[in-house]
Amino acid sequence: MKNLQNTSSQTTEQNERVIVLEQEVARLSALVSWYEEQFRLKKKQEFGRSSEKSPSGQLELELFNEAENLVDSCQETVDIDTTDPSEKEKKPRERRLTFSADLPIESVTYSLPPEEQACLDCGHMMHLMKKDIRRELVVIPARVKVVEHEREVYACRHCDQEGIRTPIVSAPMPNPVLPKSMASPSILAFLICQKYLFGLPLYRLEEVFQQAGAPVSRQTLSNWLLQVSEKWILPLYERMHDLLLSADRLHADETGVQVLREKGRSPSSSSYMWLYRTGQYEKPCVLYEYQPSRASDHPVHFLKGFQGTLHVDGYPGYQKLEGVLLSGCWAHLRRKFNETSHAIPKKSERRRTLTDEALRRIGEIYGIESTLKTCTPDERLQIRKEKSAPLVEAFFSWVKTVRTQVLPKSKLGEALTYAVNQEAKLWSPFRDGHLEIDNNRAERSIKPFVIGRKNWLFSNTPRGATASARFYSLVITAKENQLHVPNYLTYVLQTLPNIVISDADQVEKLLPWSTELPENCYQQFVTK
């Protein structure tokens with residue numbers, strides 16, 4: 001009897017050990033699968049296409065042949081074609097660039113010498129039949145010049161001789177943008193555009209001025225920008241902030257930035273540049289704000305007083321906004337499944353099938369949305385209710401069904417969980433025709449900062465990061481309002497020192513959407 005009991009006990013222990021080993025093997029297998037997914041995704045992010053479009057055919061690394069691709073798509077050579085013109089299909093006309101009417105045109109005429117204008121057959125003089133014209137764009141490098149502002153001061157010589165005290169009268173002269181400085185509005189506008197519109201760091205701008213014969217150190221350039229930001233750009237920024245809070249619908253996003261000298265923090269600490277902007281049906285207004293962290297208190301403070309709908313991604317920090325309806329981003333959801341498709345191994349046919357099905361369903365929703373660009377908000381809402389809403393409902397029903405069949409910690413499981421968690425926000429665009437189905441508008445607006453960051457890499461101090469936020473706000477907003485940014489900035493910096501800065505009405509006339517800006521502030525280059 002004891003032997004039977006001992007045998008039964010040993011069998012039970014062995015079964016328990018087998019179960020434990022099987023569980024450990026399953027855990028390690030899932031862990032290995034997760035690491036494999038992360039490796040494949042990282043490899044794709046580093047070497048593959050950045051586009052989220054589904055690739056057709058073999059993946060091509062376009063990073064190293066960008067110039068060749070551009071040449072192929074913009075070929076200017078003319079091939080000899082012997083096909084009968086009547087048999088050719090008419091091709092659409094290429095888009096041609098129409099230049100501004102103010103662009104100067106210089107003509108260079110090539111003529112035959114008088115002695116060569118005689119006809120080779122009869123000897124009589126030939127007449128001018130036509131002119132063949134070829135146009136070229138010529139760039140005139142930036143030049144620096146010194147402008148001396150001389151103000152004449154007058155006094156009465158007769159009163160001086162008679163011993164009568166008389167006031168000295170000076171001719172009126174505009175106030176300088178930076179007193180006791182050689183900085184002019186035009187050079188400051190040039191600096192702001194080069195750094196914040198084209199991403200050129202100050203050490204390269206220092207070389208530009210060196211080559212132009214005006215050696216100005218980067219420390220001086222930085223000091224100029226900081227003073228302009230705090231003295232003149234701040235009032236415009238505050239007025240733009242007031243308009244932003246009065247809008248009904250906004251977009252928000254954030255991205256990292258490194259600040260080296262921040263009190264109480266190491267140089268490698270992560271800081272953030274937050275972005276807030278108006279939506280499709282509001283005046284274009286884009287505001288950046290620097291903050292040392294990604295805490296939810298920052299959007300709560302910046303958007304205090306805003307009572308509307310905010311387009312966001314999946315970051316939970318926006319949940320603390322009181323009285324604000326959040327609208328989710330279908331592009332972020334699609335990106336989750338797109339990343340999954342690159343991380344799944346080829347042998348995992350089921351996960352790949354589920355991923356492709358998710359992308360197909362989201363693609364159908366985007367396909368309907370692409371037809372609504374010219375619709376009014378009411379028309380858009382009506383079509384969304386009729387066509388998109390059933391697809392959205394079917395998508396979330398499908399997600400909740402297949403979610404239980406997938407490992408939660410796999411990339412596919414994470415994407416499905418993200419979809420379920422964001423369901424309430426992702427439904428918002430289908431209840432309001434003014435809303436967009438994604439937050440791409442904010443991502444496009446924050447892209448100039450991200451591109452610039454790749455060039456200048458970091459900010460030295462929080463003061464500099466704050467100044468950058470103000471400059472990016474004004475420059476990107478001016479660009480979205482179809483302004484000629486250099487001319488607009490020059491006009492603003494010429495005008496601000498000569499108005500009452502505390503007068504809100506006068507400041508309002510200088511905002512990027514003002515109808516009282518001079519004609520040269522507007523962008524005149526169009527593509528037909």
Side-chain angles (χ1 to χ4, degrees), residues 99-104 137-151 171-237 448 452 456 467-468 470-479 481-499 501 506-507 509-512 514 516-525:
F99 301 105
S100 168
D102 297 332
L103 200 64
L137 285 176
V138 177
V139 175
I140 302 175
R143 294 182 299 174
V144 178
K145 67 178 180 180
V146 177
V147 177
E148 293 184 347
H149 295 267
E150 298 180 353
R151 177 164 60 179
M173 182 173 68
N175 295 324
V177 61
L178 294 178
K180 300 181 180 180
S181 169
M182 291 191 68
S184 67
S186 62
I187 198 172
L188 291 172
F190 175 80
L191 280 175
I192 296 169
C193 285
Q194 293 298 314
K195 179 171 173 60
Y196 300 105
L197 189 59
F198 304 122
L200 204 62
L202 290 183
Y203 79 89
R204 294 181 187 171
L205 287 168
E206 181 183 34
E207 295 177 0
V208 170
F209 287 112
Q210 180 76 31
Q211 293 290 327
V216 184
S217 68
R218 72 191 73 171
Q219 290 78 15
T220 299
L221 299 178
S222 176
N223 187 45
W224 285 354
L225 292 175
L226 289 174
Q227 290 186 60
V228 169
S229 165
E230 295 167 354
K231 191 172 184 179
W232 304 123
I233 306 302
L234 180 57
L236 297 175
Y237 183 89
W456 43 260
S468 295
R470 294 172 187 158
F471 283 124
Y472 272 112
S473 300
L474 188 61
V475 166
I476 302 305
T477 301
K479 184 179 178 182
N481 280 274
Q482 306 301 315
L483 296 182
H484 187 278
V485 181
N487 289 354
Y488 168 70
L489 292 175
T490 302
Y491 172 73
V492 166
L493 295 176
Q494 286 173 344
T495 308
L496 280 171
N498 298 284
I499 65 172
I501 202 69
Q506 295 190 48
V507 175
K509 295 178 181 179
L510 299 176
L511 295 179
S514 172
E516 300 189 27
L517 297 174
E519 188 66 27
N520 71 326
C521 288
Y522 294 94
Q523 183 64 268
Q524 299 179 0
F525 301 102

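Residue numbers count from 1 along this sequence.
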Are the side chains of Tyr488 and Asn481 in contact, using a 4.5 Å heavy-atom criterion?
no
Could you pull out the closest heavy-atom pair between Ala214 and Val144, with the gap in Å?
CB-CG1, 3.8 Å
So, do Cys193 and Leu489 sit near enough that their side-chain heavy atoms are less than 4.5 Å apart?
yes
Taking every non-hydrogen atom, the tightest pair across Ser217 and Glu206:
CA-OE2, 3.4 Å
Rounded to the nearest 0.5 angstrom, the CG-CG distance for Leu226 and Leu221 is 11.0 Å
For Lys231, does the NZ atom have more than 12 heavy-atom neighbours from other residues, nucleotides or ligands under 6.0 Å away?
yes
What one should report as the nearest heavy-atom pair of Leu517 and Leu511 is CD1-O, 3.9 Å
Give me the atom names and distance for the closest heavy-atom approach of Pro235 to Val507.
O-CG1, 4.1 Å
Please answer whether the main-chain N or O of Pro486 pairs with a side-chain N or O of Thr490 as donor and acceptor at a distance below 3.5 Å.
yes
Quick one, Lys195 and Leu225 - any side-chain contact, counting heavy atoms below 4.5 Å?
yes
Nearest non-hydrogen partners of Trp224 and Leu191, listed with the distance:
CE3-CD1, 3.9 Å
Any donor-acceptor pair under 3.5 Å linking the side chain of Asn498 with the backbone of Pro174?
no
Pairwise distance CD(Glu519) to CG(Asn487) - rounded to 0.5 angstrom:
11.0 Å
When rounded to the nearest 0.5 angstrom, what distance separates CD in Glu207 from CZ in Arg218?
8.0 Å
Could you grab the distance from atom OG1 of Thr495 to atom CH2 of Trp232, nearest 0.5 Å is fine?
11.0 Å
Is the shortest side-chain heavy-atom distance between Ile499 and Leu510 below 4.5 Å?
yes
Quick check: closest heavy atoms across Ala478 and Pro512, and the distance to 0.1 Å?
CA-CB, 3.9 Å
Considering only heavy atoms from C-beta outward, does the side chain of Leu205 approach that of Phe190 to under 4.5 Å?
yes
Does Tyr237 reach the main-chain N or O of Phe471 with its side chain, forming a donor-acceptor pair under 3.5 Å?
no
Compare all side-chain heavy atoms of Ile476 with those of Tyr196 and state whether any distance is below 4.5 angstrom.
no
What distance do Tyr472 atom OH and Ile233 atom CD1 have between them, rounded to the nearest 0.5 Å?
14.5 Å
From the list Leu236, Asn175, Val177, side-chain contact (heavy atoms from CB on, under 4.5 Å) partner of Leu496 resolves to Leu236
